[in-house]
Amino acid sequence: MDKLAIKFIFLFFLGTIFAQEVSFQKKIRLPLWAELDAYPGLHPVGEDEESNSVSIDYDEPVFAHAVREMKKITPFLLGGMVYGWEFDYTPYDKARGVKEFFEFKEIRPFEDETKFIKYENPWFDESKVHCWVSFERSDAMINSYNHWSDIKNPRILGLGGGSVTKGFEGIQEAAENALKDAVRTYFRKILKNKPKRITGTVLVNKVPAILVKSGNYQIQLDFFLQIGTIIEYSQF
């Protein structure tokens, strides 16, 4: 991760701030911070000693890597929250000699929409730079969200980890493991026999809860699930 040891956390606040409300259907708002471990005691230009607010020059080398990572992580998560991800899962089966396989990918690229992402209200606290990331859904996106939230689509929850040293790829790894955990846990409860293959799509339902523990990202994701196909083995 270049010369900066940077940790990113999207903080999940319990209570009314990020409760499932109409406001969340319209506007997604993510709190983000980057830790600048390599520069203890650093104070960006323009710091207000009383309010701790800062005017950050994002072209400064100390912030350059952090900004690049933010601009990879943010569209990735927003894509999961706006358009969703699709998955293909083959459970491990020792008796049949089948190895576990899991793959997920975005349903639709979150590319043109990045120009509508806002990085707002940066502030400095000790060795951390914080900001708010916001994105407003279009009317079509709101209609899509309402379709996903239909009572017929179950909600599933998963927890996964990924290496902090991988940066953005570590967040992707953690998200993939969280989705696999959610899918595996849900289908174990509803299927009597282990299936050959499961496919489906999910939409990230809430602001992700991400923390760093023992050198790894840990991410908890809440999804709406639309089941695609469930293929059973022809014989047992």
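Throughout, residue positions are numbered sequentially from 1 according to the sequence presented.
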For the side chain of [X] and the backbone of [Y], is there at least one donor-acceptor N/O pair under 3.5 Å apart?
X: Thr199; Y: Thr229; answer: yes
X: Asn177; Y: Gly161; answer: yes
X: Arg29; Y: Val133; answer: no
X: Ser149; Y: Asn146; answer: yes

With hydrophobic residues grouped by side-chain heavy-atom distances under 4.5 Å, do [X] and [Y] end up in a single group?
X: Ile219; Y: Leu159; result: no
X: Leu225; Y: Ile230; result: yes
X: Ile231; Y: Tyr89; result: no

With heavy-atom distances below 4.5 Å as the criterion, would you say the side chains of [X] and [Y] are in contact?
X: Phe187; Y: Ile198; result: yes
X: Leu203; Y: Trp85; result: no
X: Asp88; Y: Arg197; result: yes
X: Val202; Y: Leu179; result: yes
X: Arg155; Y: Lys206; result: yes
X: Leu157; Y: Phe223; result: no
X: Asp181; Y: Thr185; result: yes
X: Lys196; Y: Pro91; result: no

For residues [X] and [Y], report the shortest heavy-atom separation together with the two atoms involved.
X: Leu221; Y: Pro208; value: CD2-CB, 3.6 Å
X: Gln25; Y: Arg137; value: O-CD, 2.6 Å
X: Lys115; Y: Asp112; value: NZ-O, 3.0 Å
X: Lys194; Y: Asp93; value: CD-OD2, 3.8 Å
X: Ser163; Y: Asn216; value: CA-OD1, 3.5 Å
X: Leu30; Y: Val207; value: CD2-CG1, 3.6 Å

- [ ] Give a yes or no on whether the ring-centroid distance for Tyr83 and Trp148 is below 6.0 angstrom.
- [x] no
Open item on the list: Ring centres under 6.0 Å, that's the criterion: do Phe116 and Phe110 meet it?
Closed with: no
From [X] [atom1] over to [Y] [atom2], what is the distance, rounded to the nearest 0.5 angstrom?
X: Leu211; Y: Gln218; atom1: CG; atom2: CD; value: 5.5 Å
X: Glu176; Y: Ile171; atom1: CD; atom2: CD1; value: 13.5 Å
X: Lys105; Y: Ile107; atom1: NZ; atom2: CD1; value: 10.5 Å
X: Glu106; Y: Arg108; atom1: CD; atom2: CZ; value: 10.5 Å
X: Ile156; Y: Tyr186; atom1: CD1; atom2: OH; value: 8.0 Å
X: Asn143; Y: His147; atom1: CG; atom2: NE2; value: 11.0 Å

Open item on the list: Salt bridge check, Glu136 against Lys118: does any charged N sit closer than 4.0 Å to a carboxylate O?
Closed with: no
- [ ] Indicate yes or no: does Lys166 engage Glu173 in a salt bridge with an N to O separation below 4.0 Å.
- [x] yes
TODO: Assign the ring pair Phe168 / Phe76 to parallel, tilted or perpendicular, where the plane angle (0 to 90°) is split at 30° and 60°.
DONE: perpendicular
- [ ] Anything under 30° is parallel, anything over 60° is perpendicular, the rest tilted; go ahead and classify Phe87 against Phe102.
- [x] parallel
Task: Ring-face cation contact, Tyr233 with Arg96, 6.0 Å cut, 45° max - done: yes
- [ ] Determine whether more than 12 heavy atoms belonging to other residues, nucleotides or ligands lie under 6.0 Å from atom NZ of Lys192.
- [x] no
- [ ] Take Glu120 and Ser134, measure what side-chain hydrogen bond (donor to acceptor under 3.5 Å, both in side chains) needs, and give me the verdict at the end.
- [x] CA-CA 8 Å; Glu120 305 170 309; Ser134 64; 3.0 Å; yes
Open item on the list: Does Lys26 form a side-chain contact (heavy atoms from CB on, under 4.5 Å) with Ile142? I'd like the steps, not just the answer.
Closed with: CA-CA 6 Å; Lys26 177 64 178 175; Ile142 293 174; 3.6 Å; yes
Open item on the list: The test is side-chain contact (heavy atoms from CB on, under 4.5 Å); show your working for Val204 and Phe224 and say whether it passes.
Closed with: CA-CA 7 Å; Val204 178; Phe224 293 122; over 6 Å; no
